[in-house]
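Single-structure report; data block below.
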Amino acid sequence: MSKLENILSQQVKSAVKELYGMEADDKMIQLQKTRPEFEGNITLVVFPFVKAARKAPAQVASEIGAWLVNDKIVNDKIVNKFNAVQGFLNLTIADSFWLEQLQSIVSEPINDKIVNDKIINKLMMVEYSSPNTNKPLHLGHVRNNLLGWSIAKIQEANGWKVVKTNIVNDRGIHICKSMLAWLKFGNGETPESSGKKGDHLIGDYYVRFDKEYRKQVAELMANGMDEENAKKEAPLMKEAQAMLLKWEQGDKQVRDLWAKMNSWVYAGFDETYRMMGVSFDKIYYESNTYLEGKSEVEKGLAAGQFYRREDGSVWADLTKDGLDEKLLLRADGTSVYMTQDIGTAKLRYQDFPIDKMVYVVGNEQEYHFKVLSILLDRLGFPFGKELVHFSYGMVELPNGKMKSREGTVVDADDLMAQMIADAKQIYLQKNDQSQITNNQSPMTNDQCDEVARMVGLGALKYFILKVDPRKNMLFNPEESIDFNGNTGPFIQYTYARIQSVLRKSNSKAVQLPTAQRSNSASGLNAKELALIQRLCDYPSVVRQAGDEFSPAVICNYAYALACDFNSFYHDYSILNEPDEAVRALRLTLAATVAKTILHAMNLLGIELPERM
RNA sequence: GGUCCGGUAGCUCAGUUGGAUAGAGCAACAGCCUUCUAAGCUGUGGGUCGGGGGUUCGAAUCCCCCCCGGAUCACCA
């Protein structure tokens, strides 16, 4: 709740008590922004009071309005005017109040303001990204990475200590397939010899395996075998499984090859992460955690929390929790996904005093995390019961889901490169035009590339983050991502404009006009006022984004703020304003908008160019 | 079949602790650069908020039924 809402809430409570003898609770105080078609800044919905008042809504609104304007309580009088429309009481707040608010925003660092009343000295671990090492990252991973990064930033802004982590799925049949295909068809190809990024190189062999494998299956079926058997009996599959077994046994040759090929993949991932602007405080590898998981399960078995079937497999009975029975160890003693996640949790808890664990994983795994939560709780992990599965929606293409093997994936590296190239081209076009109409000096090619990088990635990131994370979203590769309208570049542009004005203003410290002076005839205009009001909302927006785990909330706010500013910028001059006090106010306002945009975009992982 | 999520303008999306005539962007059309960056600003057209019932001063928002789409219910991850 903002300061304004706080004050008004108290005053309204006093008003209805005095007027109608009614004790109002917080729920009944419904305040909302006044719709633009009515005069006023903030609106009280008075319907909750009409029953007690036993009067028509409009009359109740008028009475409360009059009471607020003539507030007899010693509080600062902040309501200047009111008008009543049916059950809606529109209040106009004094300029002096808004100026005080602006002053306090200017003097207090944004983050302190948000965290201030809600200091949490607790540790949150955020797991995100979590790639397999058999193929490069695609658009689905991009959404995951951007959400994970942003959520970590947002929770930090809300006072959490955050550890970002990644669990790399570096072992298993999938990587054996790539290894095998590389051995058979690779002729010793390396990232250096081919000029390919390591993750792409490995991905190519994963695809190659699938192609050759399908050929074998088709052949077997042509010779009369049924499909199910053909899939089992295909020599390539048998070889891959044999390789996996050797890996588990620690066979030196297989392990060496595995280490070599994974190192290529990691070099490739590092590049992608760097370009995307994400990083991790601690990376875990499943090859290190799955054994830990096994021993945890064995312990649980000994403690009677799990049970063993005749074939030797180990299960958890979750029927009391309304779920099924869940396999934890196969009959041959090998581990499954769940086992590994338990092991990973164990190691993490040894490494960090985790108060809250957040898994950024797609919504297709909701069942898995429901089960994991119960299992971790049973095994005594304090964060297990309350673990957060930050379950986000899929990125879909016009024809449906992305599928690696069918070649319908949008590659992360390609997409980022394309966005940056588009941004550069747009910049060059704009620059040609703007040479004629404004006196900006052209950028060097390096500066231009840097701006294109920020803007291209800004467009991509905003495009993904502005969608409610819980929902599936659509990406159409045929249509390029916009750079106009409700986009990242729009917000970056707004920022760059402000920076340009500030550069030209030459004034480092600007003195705000005093409340008295601007309470005179030359008070705040509607656009200035809307901006201040919007700026006041920011702390509660950040809190909401944290509570809801939603970077989209930040996007919506940043867009609204940029819209407000652009409209103001269009209607009023800042530097050419003759009244010194007004000029100072506008400069302060512009600088504060820029600071807020910078803070908000930082929460989204979007960089801002000083000019564009 | 059970469970969960979604269905809002031609397209992509906001808006759900119940509030005024449901909002943006894109696309279309019409204006605005000798003036702080036109990646901008202003305007026009565009809607049975999937359908039907209910709750009440008031429902896109809450409840029930139905239709459509997706996910999931693996000795895959």
Side-chain angles (χ1 to χ4, degrees), chain A residues 27 30 32 34-35 37-38 43 45-48 50-51 57 85-88 90 130 132 169 172-174 286 309 311 313-315 322-324 326-332 334-338 340-341 361-368 370 391 393-394 396 400-401 423 426-427 429-430 433-434 436-440 455 459 463 466-468 470-476 479 481-494 496-505 552-553 555-556 559-560 562-563 565-577 586-587 590 611-612:
Chain A
K27 259 191 215 158
Q30 296 175 23
Q32 54 188 263
T34 304
R35 294 193 150 236
E37 59 265 35
F38 299 104
T43 295
V45 182
V46 302
F47 287 109
V50 297
K51 219 170 219 174
V85 180
Q86 297 164 41
F88 298 91
N90 304 318
S130 311
N132 292 351
N169 184 1
I173 192 74
H174 51 57
E286 281 188 3
R309 286 191 182 166
D311 65 1
S313 56
V314 177
W315 295 73
L323 301 175
D324 261 333
K326 190 74 190 173
L327 177 87
L328 297 177
L329 287 176
R330 296 191 186 98
D332 65 4
T334 56
S335 65
V336 292
Y337 184 37
M338 192 63 72
Q340 294 162 11
D341 261 352
V361 179
N363 60 15
E364 56 200 352
Q365 294 190 26
E366 272 167 12
Y367 182 74
H368 173 80
K370 213 176 268 178
S391 164
M394 301 289 98
E396 285 167 347
K401 265 186 91 170
I426 290 169
Y427 172 77
Q429 274 171 21
K430 302 276 176 199
Q433 292 163 10
S434 63
I436 306 161
T437 56
N438 74 47
N439 55 1
Q440 280 195 99
V455 172
F463 174 81
K466 79 170 174 178
V467 180
D468 182 339
R470 287 176 292 277
K471 290 188 180 177
N472 288 358
M473 63 177 290
L474 186 96
F475 175 80
N476 188 346
E479 297 167 14
I481 294 175
D482 271 316
F483 287 78
N484 298 320
N486 186 357
T487 66
F490 172 89
I491 294 163
Q492 290 171 316
Y493 178 72
T494 306
R497 264 179 156 181
I498 297 174
Q499 294 310 106
S500 173
V501 172
L502 295 178
R503 276 194 300 272
K504 288 179 181 167
S505 78
V553 168
C555 289
N556 290 340
Y559 177 63
C563 284
F565 182 82
N566 282 323
S567 174
F568 158 75
Y569 180 90
H570 177 266
D571 289 0
Y572 300 96
S573 183
I574 299 169
L575 298 176
N576 299 326
E577 166 57 42
R586 291 185 184 161
L587 269 171
R611 21 176 312 202
M612 63 186 275

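For clarity, every value in this text was computed on a predicted model and none was experimentally measured. Within every chain, numbering begins at 1; the chains are lettered A, B, ... in the order of the sequence lines, protein sequences first and strands thereafter.
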Next item on the list: Mind checking L474(A) for me? I need base, sugar-phosphate or nothing, with any heavy atom below 4.0 Å counting as a touch.
Entry: sugar-phosphate
Check: So what does T43(A) hit on the nucleic acid, given a heavy-atom distance under 4.0 Å: a base, only sugar-phosphate, or nothing?
Finding: base
Next item on the list: Indicate, with a heavy-atom threshold strictly under 4.0 Å, whether D324(A) touches base, sugar-phosphate, or nothing.
Entry: sugar-phosphate
Next item on the list: Please examine the side chains of W315(A) and R309(A), heavy atoms only from C-beta on, and report whether any two atoms are closer than 4.5 Å.
Entry: yes
Note to self: Any heavy-atom pair between the side chains of L575(A) and S505(A) that's under 4.5 Å?
What the structure shows: yes
Check: Nearest-Å distance, NZ (K27(A)) to P (rG18(B))?
Finding: 9 Å
Checklist line | Short side-chain N/O contact from N486(A) to OP1 or OP2 of rC26(B), under 4.0 Å | finding: no
Item checked: Nucleotide nearest N90(A) (side chain, heavy atoms from C-beta), chosen from rU37(B), rA20(B), rC36(B) -> rA20(B)
Item checked: Minimum-distance nucleotide to Q365(A) side chain [options: rU35(B), rA20(B), rA77(B)] -> rA77(B)
Next item on the list: With the side chain of Y569(A) defined as its heavy atoms from C-beta on, choose the nearest nucleotide among rA20(B), rA77(B), rC36(B).
Entry: rC36(B)
Check: Taking side chain as C-beta onward, heavy atoms only, is Q30(A) less than 4.5 Å from F47(A)?
Finding: no
Checklist line | Pairwise P distance for rC13(B) and rC57(B), with rounding to whole Å | finding: 38 Å
Note to self: Are F475(A) and I481(A) packed together at the side-chain level, in the sense that at least one heavy-atom pair is separated by less than 4.5 angstrom?
What the structure shows: yes
Note to self: Of the listed nucleotides (rA39(B), rA38(B), rC73(B)), which one gets closest to any side-chain atom of Y367(A)?
What the structure shows: rC73(B)
Next item on the list: Using the P atom on both, measure rG51(B) against rA9(B) and round to a whole Å.
Entry: 10 Å
Note to self: Starting the side chain at C-beta, find the nucleotide from rG19(B), rA24(B), rG40(B) nearest to Y493(A).
What the structure shows: rG40(B)
Next item on the list: Ignoring the backbone of R35(A), work out which of rG70(B), rG6(B), rA20(B) is nearest its side chain.
Entry: rA20(B)
Next item on the list: Identify which nucleotide among rU72(B), rA14(B), rA77(B) has an atom closest to any side-chain atom of D468(A), counting heavy atoms from C-beta outward.
Entry: rA14(B)
Notebook entry, point to check: C1' atom, rU21(B) versus rA60(B): distance in rounded Å?
Noted result: 15 Å
Item checked: C1' spacing across the pair rA22(B) / rG18(B), given as an integer number of angstrom -> 14 Å
Note to self: Need one value for F565(A): base, sugar-phosphate or nothing, where a base atom within 4.0 Å counts as base even if backbone is also close, heavy atoms only.
What the structure shows: nothing
